[in-house]
Amino acid sequence: MAAPYHWSGVFLFCIVLVMLVPYQSLAQNKKNKKSLVIKVDDIKEFKKLLRTKTNLLVICVQSEKSTAKLNQVFEDVAEEMKGKATLAYINCGADKKLCKKLKISPSEVELKHYKDGEFNKDYDRKLVVKSMVNFLLDPTGDIPWEEDPAATDVVHINSEDAFTKLLRKDKNPLLVMFYAPWCGYCKRLKPDFQSAASEVKSKFTFVGIDVDKPPTMALRMQYNITGFPTLLYFEKGKMKYKYGLDNDKASILEWLKNPSNPKEPEQEPQWVDEKSDVVHLSDASFDDFVQQNPSVLVMFYAPCEITLWTPYMSHVVG
């Protein structure tokens with residue numbers, strides 16, 4: 001009598017085979033996908049790139065082996081920055097004449113950035129996707145604070161969810177600096193803030209949050225950040241105090257010995273109460289005054305302590 005045929009085994013084999021086919025196709029497609037990194041071996045081709053590409057990062061290598069482990073990084077950057085920036089590749093070991101004309105002689109790998117057809121700067125950040133993308137999004141800007149080697153003791157938060165998790169998990173009190181990249185006061189405070197962070201990192205956690213971008217904008221609204229930098233102190237997940245002393249390391253460390261809210265400043269006399277030839281208008285008097293006077297120079301202003309406002313002057317003809 002013939003042995004029974006196990007159809008279940010055949011069925012299982014077919015399922016595995018069907019499951020493997022899409023993965024094999026995906027791997028084959030990835031292998032056959034055209035590279036977005038442009039290989040350049042001619043000076044005319046390079047000059048054409050300068051004319052046609054306004055945001056160009058050129059990878060200059062001594063040999064193919066120099067970037068063997070980085071090729072996928074470059075491909076991922078080119079994919080993410082498609083339509084926004086261009087990556088080019090020059091092998092100086094194989095194309096010595098081209099590199100000699102460009103005065104490029106990398107020992108292993110050098111990255112050079114060109115903006116609007118002109119050399120901008122040598123790339124000086126980490127050779128990872130995030131750092132390269134951040135650079136190409138703003139190639140003339142300052143290095144992001146989280147990429148500064150001196151700021152490793154500052155916890156850098158990039159989203160509302162990440163900050164919520166930090167508040168929940170971190171047992172240390174937190175001193176959080178809310179800042180904007182363009183803020184000059186913030187730039188001056190950063191070295192002192194990160195130095196203080198290193199000195200007390202066993203007792204306090206120092207946090208930096210750029211609240212001038214969409215993922216953190218909700219935090220700016222939640223904590224009523226109206227000026228930069230703003231330093232807030234948190235304990236057990238709750239905001240307790242606003243820092244109000246000088247923006248330097250010594251003042252921060254002294255304040256942390258006994259955190260408290262800043263004292264209310266003495267009320268300054270209002271401009272409207274001062275004697276002067278300036279006429280102070282309100283919503284109720286503005287229209288009538290302008291109608292009665294043929295030419296008026298009006299200064300629209302807000303109290304100086306609201307640091308994000310600036311005066312605006314307008315000439316009104318009645």
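Atom CD of Gln222 has more than 12 neighbouring heavy atoms from other residues, nucleotides or ligands inside a 6.0 Å radius. Within 6.0 Å of CD in Glu80 there are 12 or fewer heavy atoms belonging to other residues, nucleotides or ligands. Residue Lys213 places its NZ atom among more than 12 non-hydrogen atoms of other residues, nucleotides or ligands, all under 6.0 Å distant. Around NZ of Lys242, the count of heavy atoms belonging to other residues, nucleotides or ligands within 6.0 Å does not exceed 12.
Looking at heavy atoms from C-beta onward, His113 lies in side-chain contact with Asn55 at the 4.5 angstrom threshold. By the 4.5 Å heavy-atom criterion applied to side chains, Phe204 and Phe206 are counted as neighbours. Between Leu232 and Ile225 the shortest side-chain heavy-atom distance falls below 4.5 Å. Residues Lys121 and Thr140 are not in side-chain contact: their nearest non-hydrogen atoms beyond the backbone lie 4.5 Å or more apart.
Cysteines Cys92 and Cys99 have SG atoms closer than 2.5 angstrom.
Across every non-hydrogen atom of Leu174 and Asn172, the tightest pair is CD1-O, 3.0 Å. Annotation for Asp148 and Ile143: closest pair N-CD1, 4.4 Å, computed over non-hydrogen atoms. Nearest heavy-atom pair, Leu219 versus Phe178, reported as atom, atom and distance to 0.1 Å: CB-CE2, 4.5 Å. Asn91 and Ser63 get closest at one heavy-atom pair: OD1-CA, 3.7 Å. Listed here is the closest heavy atom pair of Lys39 and Glu45: O-OE2, 3.5 Å. Of all heavy-atom pairs between Leu253 and Ala196, the closest is CD2-CB, 3.9 Å.
Of the residues listed (Asp246, Leu175, Leu245), the one engaging Ile252 in a side chain to side chain contact (heavy atoms under 4.5 Å, CB included) is Leu175, and it is the only one. For the pairing with Pro181, the side chain to side chain contact (heavy atoms under 4.5 Å, CB included) check across Asp210, Asp138, Asp142 returns one residue only, Asp210.
Counting Ile, Leu, Val, Met, Phe, Trp and Tyr side chains that sit under 4.5 Å apart, directly or through other members, Leu98 shares a hydrophobic cluster with Ile38, Val40, Ile43, Phe46, Leu49, Leu50, Leu56, Val58, Ile90, Leu102, Ile104, Tyr114, Phe119. Val129 belongs to a hydrophobic cluster whose remaining members, ordered by chain and number, are Val37, Leu57, Ile59, Val61, Leu70, Val73, Phe74, Val77, Met81, Leu87, Tyr89, Val109, Leu111, Tyr123, Leu127, Met132, Val133, Phe135, Leu136, Leu137; membership requires side-chain heavy atoms of ILVMFWY residues under 4.5 Å apart, directly or through intermediates.
Ring geometry for Phe234 versus Tyr223: interplanar angle over 60°, hence perpendicular rather than tilted (30 to 60°).
For the pair Thr52 (side chain) and Lys48 (backbone), a donor-acceptor distance under 3.5 Å is present. Side-chain atoms of Trp255 come within 3.5 Å of backbone atoms of Ser260 as a donor-acceptor pair (strictly under, hydrogens ignored). Side chain of Asn120 to main chain of Pro139: a donor-acceptor pair is present (N/O by atom type, distance under 3.5 Å, no hydrogens or angles). Not one N or O on the side chain of Asp170 forms a donor-acceptor pair closer than 3.5 Å with the backbone of Leu166. With His156 contributing its side chain and Pro144 its backbone, the two residues share no donor-acceptor pair below 3.5 Å.
Here Tyr179 and Phe193 keep their ring centres 6.0 angstrom or further from each other.
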His280 vs Val278, side chain to side chain contact (heavy atoms under 4.5 Å, CB included): CA-CA, chis, key distance, verdict: CA-CA 6 Å; His280 294 272; Val278 176; 4.1 Å; yes

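Side chains of Asp76 and Gln72: a donor-acceptor N/O pair is present below 3.5 angstrom, by distance only.
Atoms NZ and CH2, on Lys187 and Trp145 in that order, are 13.0 Å from each other to the nearest 0.5 Å. Taking CD of Gln194 as the start and NZ of Lys201 as the end, the distance is 13.0 Å to the nearest 0.5 Å. Interatomic distance, CD of Glu79 versus OG of Ser35, reported as 10.0 Å (0.5 Å rounding). Atom NZ of residue Lys130 and atom CD of residue Glu146 lie 5.0 Å apart, to the nearest 0.5 angstrom. The SG atom of Cys186 sits 8.5 Å away from atom CG of Asn247, with the distance rounded to the nearest 0.5 Å. Here CG of Leu189 is found 12.5 Å from NZ of Lys249. Values are rounded to the nearest 0.5 Å.
Taken together through direct or relayed side-chain contacts under 4.5 Å among Ile, Leu, Val, Met, Phe, Trp and Tyr, Leu231 and Ile157 form parts of separate hydrophobic clusters. Each of Val207 and Tyr185 belongs to its own hydrophobic cluster when Ile, Leu, Val, Met, Phe, Trp and Tyr are linked at side-chain heavy-atom distances under 4.5 angstrom. Clustering ILVMFWY residues whenever any of their side-chain heavy atoms sit less than 4.5 angstrom apart, transitively, puts Val176 in the very cluster that holds Met239.
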